[in-house]
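Before anything else, here's the structure in question.
Being a predicted model, the structure only gives us computed values, none of them experimental. The basis for the numbers below is simple: all heavy atoms, side chains too, and nothing from hydrogens, waters or symmetry mates. Counting starts at 1 for both ligands and their atoms, following the listed order.
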Amino acid sequence: MRYGHFDDEQREYVIDRPDTPLPWINYLGTDAYYGIVSNTAGGYSFYRDARLRRLTRYRYNNAPLDLGGRYVYVRDDATGDYWSPSWQPTPERELDDYECRHGLSYTRIGSARGGIRAETLYYAPLGETLEVWRVRVTNERETSAELSLFSSIEFCLWDAQDDATNYQRNFSTGQVEVADGVIYHKTEYRERRDHFAYFACSEPLSGFDTQREAFLGPYRGWDRPAAVENGAATNSIAHGWQPIGSHHVRLSLAPGATREVIFVLGYAENPKDDKFDPPGSQTLNKTRVRPLIERWLRSEQVQMGYEDLRAYWDDLLGGLNVRTPDGDTDRMVNVWNAYQNLVTFNMSRSTSFYESGIGRGMGFRDSNQDLLGFVHMVPERARERILDIAATQKADGGAYHQYQPLTKRGNNDIGDGFNDDPLWLILGVAAYLKETGDHTFLDEQVPFDNVPGSEVPLYEHLRRSLKYTLDRLGPHGLPLIGRADWNDCLNLNCFSDTPGEPFQTTENASGGVAESVFIAGLFVLAAKELAVIAGLRGQDGEEAVYRAAAEKMSGTISEHGWDGAWFRRAYDFHGNVIGSGENDEGQIFIEPQGMCVLGGVGLDDGLAARALDSVAERLATPHGIVLQQPAYSSYRIELGEISSYPPGYKENAGIFCHTNPWIMIAETMVGNGDRAFDYYKRLNPSAREEISETHRCEPYVYAQMIAGRDAPTHGEAKNSWLSGTAAWNYVAITQWILGIRPDFAGLRIDPVLPSGWEGFEAVRRFRGATYEISVRGSGRIDHLLVDGTRVDGDLIPPAAPGSVVRVEAILA
Ligand code: BGC
Ligand code: NOJ
């Protein structure tokens, strides 16, 4: 069953009923001002940091689901009937029709009731710290209509954590100011004088409200605000309690007439040494923002801003465009997967329907992996991101697991000790170098832990990343796992002194000797990449050292990490093996099967192919590949959080979608295009659109998790949008299955296609040149024709920037 459809032409997902199984969301903003918006206008906005600079309020995990947002009310002043065109927050008021179009960084929601049609376009213009709502109201009746329009938002008192917990304080701090029809939210202005919000309207106001209680009426909800019911705002000024913003506009519409009303919500910051707002002044000086507000309240400006936004996305998505025999592939690669990659770049794991914006900062390992999916679209920003991440690295090569986007400092709450973290930096940097060829990047001076004076070349950071692993090898010569590796919930150094007590935290218990085969595989991959990089820098001695280290670790994996038919997962604190036929549960895990093969382990001696067969036999389901089998049926303190999940969910045998592409890639490495593509299709959200009632999450983006076969809700997705799943699926399909793969020396074309395909077409931007690629035949690459000239093998050397290169890839 579907709840909408793709409009491929417009690059929109069109939702045609409001009661989707879960809120289906989209993102506003491309740079510093951001928001989420659901298909019923739920969501909130923030400036840069969803925790510290949150403009509007949203209550997570609410009932009804997804309440709080950018709501507009329409009131028929002749009858007193009122409703919200976005369905929420007035779901009792039936709509005659409804449509939500989620596009790239904009959303349009519209509906009709009783002959009045209203549609709102929401977006945040490029380069501004504001959002516009363009409401169009049309009278489709035969008679004229007297209407009222009310806007509404609830202001968050900036720090979302405090806002949601510290009521003894924040019921008294809220302050607003209303001037010339603009509502200014200036809580925190007394002490900081450096930021405020504004909410403006293009039309003369009939009134306004800024105190929630006055607008809603005592003990009433957003479904029936008293001001709307009465058809009159109360001109309330908030003193403490819950500041809101609501404008009241009256419209008189002749039959067939359309009126446009624009609302602008924005964030403003004062320069430090502000001459307008000197310390001590409590009144905002509005002269700075007034012209900006006026500009964005103009219809032509709003239309232009919208077109600029569309052009921005045209350009970004022009980085890679494919035409294959499979529509779901084309749609995801050309539009939605690429879009999701950019969203993970902007949000990391901060804000979604599942991430509250206060829980998690920018992840060290997360961001390095996200980069794999967006570096070809925004190489400059990827470069900056890598420098930010590397600057949080510690001198011993270790990493803070997360950093705060506003301060760019390592986050002490979560700390370090995730022993895979440092290695991902090598993969992130390698991806950047392969895409851009910009090797001077390695000489950028980057500090450790942001300490001034500690700067060393970025290359030195990579060295220390490898050394971090080598300095921490366990009894079998495998890398120590620390608090956890990629699998945050495999906490093998965790134990309790009191039997029966739940595991303490995921502390790296001192002397913990648990080892990870996954990190071993990742190390082999990273060491080989660094060897190439060292070679290209002319550091031949080092190149050999890294190759030898990779070889040695490979050998260790074969010796202590191989279980007979698959790679083992780990050794715990007590030296017991995990992910082995010896175990009663958790016998085989997906992660080492993927990562060891990615590192090239077992490719020569058949172990890789054997491991992948085991994955197919034991882990694959129609909804994707589960993380491990058998699921843990009970809690096991010696394994930590993993067994705290009920069977089939999350790390306890859920289909953790992030890991599936590793298997897809591994399958291409052993030449199995059919299996690789089959796995790809099982997860492809567009291909799952038909089963939306089972999948439940958005059919246009990947979710982190789909419930595994042990779960009663097998096939149900959760945690959509912010996951490494996006980047890795993109890499798997574009670089390994379609085989268009940037490499240090140029662009490779090495497809491993499913049988039955006779080739495909693609356009790829690479280092400033455009490659028009046409792949013909089936089998593996035989030779290329580059502008008509035969090239043996799969590598196209970089062409001059600005040039257009015709490439034919002949498979045989
Ligand atoms: C989840 C992980 C997640 C971690 C983040 C765990 O509970 O299962 O998937 O990465 O929390 O803190
Ligand atoms: C989500 C985290 O963001 C990611 O880093 C981790 O690897 C997975 N959970 C698996 O635990």
With the criterion set at N/O pairs under 3.5 Å, what does the list of contacts between the protein and ligand 2 look like, atom names and distances included?
unit_1, atom_1, unit_2, atom_2, d
ligand 2, 3 (O), Arg360, NH2, 2.8
ligand 2, 3 (O), Asp366, OD1, 3.1
ligand 2, 3 (O), Asp366, OD2, 3.2
ligand 2, 5 (O), Arg365, NH1, 2.6
ligand 2, 5 (O), Asp366, OD1, 2.8
ligand 2, 7 (O), Arg365, NH1, 3.2
ligand 2, 7 (O), Trp486, O, 2.5
ligand 2, 7 (O), Trp486, NE1, 2.8
ligand 2, 9 (N), Asp488, OD2, 3.1
ligand 2, 11 (O), Trp486, O, 3.3
ligand 2, 11 (O), Asp488, N, 2.9
ligand 2, 11 (O), Asp488, OD2, 3.3
ligand 2, 11 (O), Glu651, OE2, 2.5

Subject >> Lys394 NZ/CZ over Tyr400 ring centroid, <6.0 Å and within 45° of normal >> reply: yes
Subject >> Over 12 non-hydrogen atoms of neighbours within 6.0 angstrom of CG in Asn61 >> reply: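 Atom CG in Asn61 is not crowded, with 12 or fewer foreign heavy atoms closer than 6.0 Å.
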Original post:
Hey, are the side chains of Asn576 and Glu638 touching, using non-hydrogen atoms and a 4.5 Å cut-off?
Top reply: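 No, their side chains stay 4.5 Å or more apart.
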**OP:** Please confirm whether Trp424 and Phe418 have ring centers closer than 6.0 angstrom.
**Re:**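 No, the ring of Trp424 stays outside the 6.0 Å limit from the ring of Phe418, centre to centre.
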Subject >> First-shell residues of ligand 1 [heavy atom, distance under 4.0 Å] >> reply: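 Those residues closer than 4.0 Å to ligand 1 by some heavy atom are Arg360, Asp488, Cys489, Glu641, Tyr645, Lys650, Glu651, Phe656, Gln704.
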Original post:
When rounded to the nearest 0.5 angstrom, what distance separates CD in Glu515 from CG in Asp572?
Top reply: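 With rounding to 0.5 Å, CD (Glu515) is 10.0 Å from CG (Asp572).
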Original post:
Taking the six-membered ring of Tyr468, is the NZ or CZ of Arg472 close enough (under 6.0 Å from the centre) and on axis enough (within 45°)?
Top reply: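 Yes, Arg472 and Tyr468 form such a contact.
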Subject >> Trace of the side-chain contact (heavy atoms from CB on, under 4.5 Å) decision for Tyr354 with Ser723 >> reply: CA-CA 11 Å; Tyr354 309 84; Ser723 166; over 6 Å; no
Original post:
Do the numbers put Arg381 on top of the ring of Phe345, so that NZ or CZ is under 6.0 Å from the six-membered ring centre and no more than 45° off the axis?
Top reply: no
Subject >> Value rounded to 0.5 Å, distance of CG in Leu530 from CG in Leu427 >> reply: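 CG of Leu427 is found 10.5 Å from CG of Leu530.
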